[in-house]
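For reference, the structure is listed below as structure tokens.
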Amino acid sequence: AQKITQTQPGMFVQEKEAVTLDCTYDTSDPSYGLFWYKQPSSGEMIFLIYQGSYDQQNATEGRYSLNFQKARKSANLVISASQLGDSAMYFCAMREGLGGTGGFKTIFGAGTRLFVKA
Amino acid sequence: GAGVSQSPSNKVTEKGKDVELRCDPISGHTALYWYRQSLGQGLEFLIYFQGNSAPDKSGLPSDRFSAERTGGSVSTLTIQRTQQEDSAVYLCASSLQPGNTEAFFGQGTRLTVV
């Protein structure tokens with residue numbers, strides 16, 4: 001069963017506008033972490049933001065924020081004021097077993113390719 | 001080192017040969033992960049190490065795949081009798097500890113089986 005779902009294979013956004021990349025997840029583990037990574041065409045994986053399942057506040061890192069809706073099991077990434085350099089592949093990921101009993105396996109979604117237009 | 005280092009960066013091998021892919025994690029990072037990324041796809045989890053032990057090997061695709069880690073540092077992913085479907089980018093990542101800390105990725109090894 002698909003544990004991380006990213007339903008948008010590709011997204012376009014105008015430079016300077018905000019964009020939301022969707023991510024839903026499925027887990028029965030009460031302790032888990034959610035991550036977003038960026039993969040530019042160079043291939044490197046760049047960590048963007050993290051949200052723990054027990055965190056009360058939505059995570060923010062500069063222009064990135066994570067819209068965490070626990071009951072709906074969604075963890076959407078919001079990029080504000082898009083820049084041309086934001087054009088890349090974006091992966092949502094989940095790590096289960098933070099309670100100490102799991103193997104800390106991290107699973108990734110299929111990704112969303114973001115294109116920022118000038 | 002400053003970051004996660006993987007070698008070789010590119011490897012072309014003939015079908016049926018064995019290959020070894022190396023990962024040198026960030027110094028002091030206890031957790032190490034191997035992933036596989038096929039062209040245009042997401043990341044597929046292969047194996048995770050905590051120190052030298054591998055609590056989770058569930059992602060290894062077949063018994064042709066094995067991995068080890070020595071001294072709590074360098075890890076080697078070995079693929080025996082390579083097949084064309086093994087062609088992919090193999091990514092290694094390390095984190096200070098397992099759990100909620102971010103993982104830092106290497107640049108990957110692009111494996112092509114011809």
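Here is the naming used below: chain letters follow the sequence lines, and residue numbers restart at 1 for every chain.
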Measure B:Q37 against the heavy atoms of chain A and call it side chain, backbone, both or neither at under 4.5 Å. side chain
Full working for side-chain contact (heavy atoms from CB on, under 4.5 Å) between A:I107 and B:E44: CA-CA 7 Å; A:I107 51 175; B:E44 176 189 2; over 6 Å; no
A:F68 and A:I49: same hydrophobic cluster, using ILVMFWY side-chain contacts below 4.5 Å? yes
How long is the span from the CD atom in A:Q39 to the CG atom in B:L43, to the nearest 0.5 Å? 6.5 Å
Hphob cluster co-occupancy, A:I46 + A:L34, side-chain heavy atoms under 4.5 angstrom: no
Using every non-hydrogen atom in the two residues, find where A:T106 and B:Y33 come nearest and quote the distance to one decimal. OG1-CE2, 4.4 Å
Going hydrophobic residue to hydrophobic residue with side-chain gaps under 4.5 angstrom, can you get from A:F91 over to A:Y50? yes
Tell me whether the count of non-hydrogen atoms from other residues, nucleotides or ligands lying under 6.0 Å of CD in B:E85 goes above 12. yes
Can we call the ring centroids of A:F47 and B:F105 under 6.0 Å apart? no
Any chain of hydrophobic side-chain contacts (each under 4.5 Å) joining A:Y90 to A:I4? yes
Less than 4.5 Å to any heavy atom of chain B: does that hold for the side chain of A:Q6, its backbone, both, or neither? neither
Hey, is the main chain of A:F108 close enough, under 3.5 Å, to the side chain of B:Y35 for a donor-acceptor pair? no
Working to the nearest 0.5 angstrom, can you tell me the gap between B:C92 SG and A:M45 CE? 12.5 Å
Tell me whether B:K57 at atom NZ has more than 12 heavy atoms from other residues, nucleotides or ligands lying less than 6.0 Å away. no
